[in-house]
Q: 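Here it is, the structure, as structure tokens.
Both ligands and their constituent atoms are indexed starting at 1 by order of listing.
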Amino acid sequence: MSMNNQGRPTGIGSADSAVPDTITGNRGLQIEEPLIFEQDSAGRCGVDLPEVPAMRMRLGTVKPRAAVGLPGLAEPQVVRHYTRLSQKNYAIDSGLYPLGSCTMKHNPRLNEKMARLPGFSDVHPLQPESTVQGALELMDTLAHWLKTLTGMAAVTLAPAAGAHGEMCGIMAIRSAHEARGDTGRTKILVPESAHGTNPATAAACGYTVESIPATPDGRVDLEALKAKLGPDVAGLMLTNPNTCGLFEREILEIAEAVHGAGGYFYCDGANFNAIVGRVRPADLGIDVMHINLHKTFSTPHGGGGPGSGPVVFAESLAPYLPVPFVVKEKGDFRLVEEAGEGPAFGRMKAFHGQMGMFVRALAYMMSHGADGLWQVASDAVLNANYVMARLQDVMTPSFDGPCMHECLFDDRFLKGTGVTTLDIAKALIDEGFHPMTMYFPLVVHGALLIEPTETESKASLDQFVTALRALAERAKSGDVEYFQGAPRLTPRRRLDETGAARKPILRWTPPAEQAQAAE
Ligand SMILES: *Cc1c(COP(=O)(O)O)cnc(C)c1O
């Protein structure tokens, strides 16, 4: 693969003689796109403006050291640049996105229409409350839906995403222990299969993380959990359904054990899509749980927009709800802003949260209705089980029995083939599918976690299954080279992903400066 002077790989660098290199580096209608700085033509501009009259600097003694260095481009160049970049971004709007634990589902366009109503899209968080009564009522209604769906007593809409919601929940747990003067609780228990944000949150809040092993059937080992519970444990963070796509059957016993030891039960609600409308988390003994509006309630996700991670609180923790929250007084809606004014531990972020996501989520809930949301969970689980049933003879499901909203395979079916989970994922890209979640959860070897969601049709699931079955069979036939060469049809082939994550080159340097540095 050739590199340009920024260390950026250029050209498709085909290792495959059947796919010729082109003169331009373009392939069909897939255009090679240089950085915007590499397209710079000094002085070029998108508009014709009159000559600027003699200008006087008004920065006092502060003098610019050099020109700002913005690239000069004409308007069509800019439009093409960003349009081409956007086309390199795979999205749920372009195709199936079976990324396990991510709930990449279709965002109905009705949501977008509602979010664009000027009364919602143009409000400012510092506007007088009397001018945003509708927006506040919308937040209040959304809060009501979230409380009803979860059976919980209180909700904060402020957290900006799931991980931020986790932090909010753990801070509430810490506040509750502190309020009782119970300062000896230094540990949070987290199952092995947990999403990385769970232990990270606990550690960021100053807790020591203790891992709970899984049973051979992929669930929390209740006896191991009980053995770790004690007066030093602040709480448990558990995902249900868990990240193996399995419902924690002993969840009532788990809740009872945690409460019996004086701890609180945090539930990571990222997988709520599997149970929304069918199971109320409050009935499972959960004290606090975040909800990812950008997963379960379809608001844009993964480069498509900001997340939103409301947190619901049971009676046990409701006094520790952070500000601000909406209340209705004498027919008017108001934001409670001061911690002293209401029962709150503080504030998670400036202002009240992601208004656009609230509108989309409520539009989604209201257009589905209670029965529609029940159907969402049912169809999400049905689709995952369909995918599992159609793949289980050629791939190796990690656990017996039906799954919830996602199905987990490990790499036993690749044993002895020389092909890895990563190779399967790369070959799937050539087939036009975003890969499934790979190597997570860590409790099985070489994990492939598939979450189709309820918004995929049987036809699209069949196409995906057909591709995956063919790849599994190809791997078993011994065609290792095919896999090691994949992906062949992408703008770039295999990149040093670890290097890109660990040592990213974030700054463009003009070639002249680079040449100087080299001298
Ligand atoms: C997505 C996810 C999170 C984190 O949510 P973000 O909104 O990405 O911060 C936490 N836990 C699980 C199980 C998830 O799938």
Q: Near ligand 1, which residues have a heavy atom under 4.0 Å away from one of its atoms?
A: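 If the criterion is a heavy atom under 4.0 Å, then ligand 1 touches Ser101, Ala161, Gly162, Ala163, Glu166, His195, Thr197, Asp268, Ala270, Asn292, His294, Lys295.
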
Q: Any heavy-atom pair between the side chains of Thr208 and Asp232 that's under 4.5 Å?
A: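 Answer no - side chains too far apart.
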
Q: For Val376 and Asn273, run side-chain contact (heavy atoms from CB on, under 4.5 Å): C-alpha distance rounded to whole Å, both residues' side-chain angles, the deciding distance at 0.1 Å, then the answer.
A: CA-CA 7 Å; Val376 160; Asn273 206 51; 3.5 Å; yes

Q: Does a donor on one side chain sit under 3.5 Å from an acceptor on the other, for Tyr439 and Asp411?
A: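 Looking only at side-chain atoms, Asp411 and Tyr439 do not form any donor-acceptor pair under 3.5 Å.
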
Q: Relative to each other, are the rings of His195 and Phe440 parallel, tilted or perpendicular (30° and 60° limits)?
A: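 Aromatic pair His195/Phe440 classed perpendicular.
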
Q: Are Glu253 and Arg219 close enough for a salt bridge, meaning some N to O gap below 4.0 Å?
A: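 No salt bridge links Glu253 with Arg219.
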
Q: Kindly say whether Gly100 contributes a backbone atom to a donor-acceptor pair with the side chain of Thr437 at under 3.5 angstrom?
A: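 At least one qualifying donor-acceptor pair exists.
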
